[in-house]
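A short worksheet on the structure shown next.
Naming convention: chains lettered A, B, ... in sequence-line order (proteins, then strands); numbering from 1 in each chain.
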2 protein chains.
Amino acid sequence: MNKKDIKILLVDDEPDILEIVGYNLTSEGYQVITAENGQEGVKKAKKELPHLIILDVMMPEMDGIEACELIRKHPDLQNTLVVFLTARGEDYSQVAGFDAGADDYITKPIKPKVLVSKVKALLRRFKDEEAADMVKLGSLTINRDEYKITSKGKEIILPRKEFELLSLLASKPGKVFKRDEILDTVWGNEVVVGGRTIDVHIRKLREKIGDDSFKTIKGVGYKFVD
Amino acid sequence: MNKKDIKILLVDDEPDILEIVGYNLTSEGYQVITAENGQEGVKKAKKELPHLIILDVMMPEMDGIEACELIRKHPDLQNTLVVFLTARGEDYSQVAGFDAGADDYITKPIKPKVLVSKVKALLRRFKDEEAADMVKLGSLTINRDEYKITSKGKEIILPRKEFELLSLLASKPGKVFKRDEILDTVWGNEVVVGGRTIDVHIRKLREKIGDDSFKTIKGVGYKFVD
DNA sequence: GAAATTATCGCAAAAGTGATGCCAAAAATT
DNA sequence: AATTTTTGGCATCACTTTTGCGATAATTTC
């Protein structure tokens, strides 16, 4: 899953917090949705089905704990990650928070780096659980975990982009990936690179993996065949 | 001392707790003795001289605090580790518990992993406990308890960070650990350190263990190979 | 259907970027 | 005081991207 496809819901009654946290997550490339109170938070959670929810514990009317409990009841949000924002010293809420189904908590005052790294760590865990890490395709084995590729017994270490490009193409052998799709996935649509970039990488792969594994569909894109 | 020679006394009036905790500790290889109330607990403690006692605070008649005080009076049980089991929120008992001579406490509901790791951590303090977790990987032996590493017969003593870094990398030989992951695990995500820190440590390890054991995957991270 | 035109791709070399290694020195631990 | 850990500054190297041009396929025109 691409970073830009990850939705984070931010629920806090303080606009300041909303802004600073929102800013940091957005600039990391995540999609951020905000809500200013518990009710709205729960509503948006159900509607948007975010991957991660950051909930302030202390909020007027419906507090984070209650909101979390409601969120957890929704079938589609069972596995959503929930992080609590709590003031230091409110240790009771931490405990209760875990009880309510929180996955982690962050204490205020918020340090952006800590925040971002926690979010990353959580999402990584989430990702790991979801995705099987090895893909086998005939003579090719792609091992995301070890970042290496085995082709006909030989072990090949590929640089990042080449590795990701191959991963993508090989994930659905035979399928033609349009240039746009490839750019979106491997480079991310924020980065704008020239049109020749893709074929340069394809060429590198052809050199390393085998010339005939990659077919060009002119005007469309490329596909990987076994 | 061998794990199987370590006796743990479990005192709780709820059979359920006795069973679940007992099961977890037994399957870790410890010898578990149980008692269903304070009196019986104190009696068994004196008779069996366990290495660690897990005491429920809330018990009819004689509560955990009282039991602990009695236990501590026995000359042969001065150094025995005592852990309290307390329901969340009973924070008073925690304080009183430490007063009474507890070494740690665990809150209910009990999470087996937390329990086991606390028990391990406490027992580790016993000097005479022999290498509980040793990991062998080809030419490397990692001795978690003594922060020591044996490589090709040579014994190497590593500083903490280096040791932890090596432990992490060696825990899954071949797996590539991303810089982020390494930071999270070795440094903890609260601490924010600069980017050069990791490679300096890697360099130290390369000097000490062997240059070719550590491979760099540029743009991703490092991996350990045997 | 053949030739001309145009778009797209392959390739190689060059330029650019960013990550890593290494050092030395400052901080922090012990 | 000695050791360990972190930092910052370079130098370097590896990878990535750009660029330019020729080749090839697709499309249009005759």
Practice task
Examine D:dT5: is either OP1 or OP2 under 4.0 Å from a nitrogen or oxygen in the side chain of B:Arg160? Give yes or no.
Solution key: no
Problem - Whole-Å distance separating the CZ atom of A:Phe163 from the C1' atom of D:dT16 - result: 17 Å
Practice task
Find which nucleotide of DNA chain D each of A:Leu158 and B:Lys161 is nearest to by heavy atoms, and output the residue with the more 5' nucleotide.
Solution key: B:Lys161
Handout entry: Test: B:Lys175 and A:Glu146 ion pair at under 4.0 Å
Key = no
Practice task
Have a look at B:Leu165 and say if it touches a base, only the backbone sugar-phosphate, or nothing, with a 4.0 Å heavy-atom cut-off.
Solution key: nothing
Exercise for the section: Return the nearest nucleotide to the side chain of A:Arg203; candidates are C:dA12, D:dT16, C:dT20. Expected result: C:dA12
Exercise for the section: Specify whether A:Tyr147 and A:Phe163 have parallel, tilted or perpendicular ring planes, treating 30° as the upper limit for parallel and 60° as the lower limit for perpendicular. Expected result: parallel
Fill in the blank from the handout: The nucleotide from D:dT4, C:dC9, C:dT20 with an atom nearest the side chain of B:Pro159 is D:dT4
Practice task
Establish, with yes or no, whether the OP1 or OP2 oxygen of D:dC15 is under 4.0 angstrom from a side-chain nitrogen or oxygen of A:His201.
Solution key: no
Handout entry: Presence of salt bridge, A:Glu207 and A:Lys204, under 4.0 angstrom
Key = no
Problem - N/O (side chain, B:Thr216) to phosphate O (OP1/OP2, C:dG21) under 4.0 Å - result: yes
Handout entry: Candidate nucleotides C:dG21, C:dC9, C:dT29, ranked by approach to the side chain of B:Tyr222 - the nearest
Key = C:dG21
Exercise for the section: Look at the side chain of A:Lys218 and the base of C:dT8, then say whether one donor and one acceptor between them are separated by less than 3.5 Å. Expected result: yes
Problem - Option from B:Lys208, B:Arg203, B:Arg206 for which salt bridge (charged side-chain N to carboxylate O under 4.0 Å, His left out) with B:Glu162 holds - result: B:Lys208
Practice task
Name the closest nucleotide to the B:Arg196 side chain, picking from C:dG10, D:dT19, C:dC22.
Solution key: C:dC22
Exercise for the section: Return no unless some side-chain N or O of B:Arg179 is found under 4.0 Å from OP1 or OP2 of C:dT20. Expected result: yes
Exercise for the section: For D:dT16, take OP1 and OP2 only and decide whether either is under 4.0 Å from a side-chain N or O of A:Trp187. Expected result: no
Practice task
Send over the distance from A:Lys204 NZ to D:dA14 P, rounded to a whole Å.
Solution key: 13 Å
Completion exercise
To the nearest angstrom, the NZ-C1' distance between A:Lys215 and C:dT8 comes to 19 Å
Exercise for the section: Grab the two heavy atoms, one from A:Gly195 and one from A:Asp199, that are nearest each other, plus how far apart they are. Expected result: O-OD2, 3.5 Å
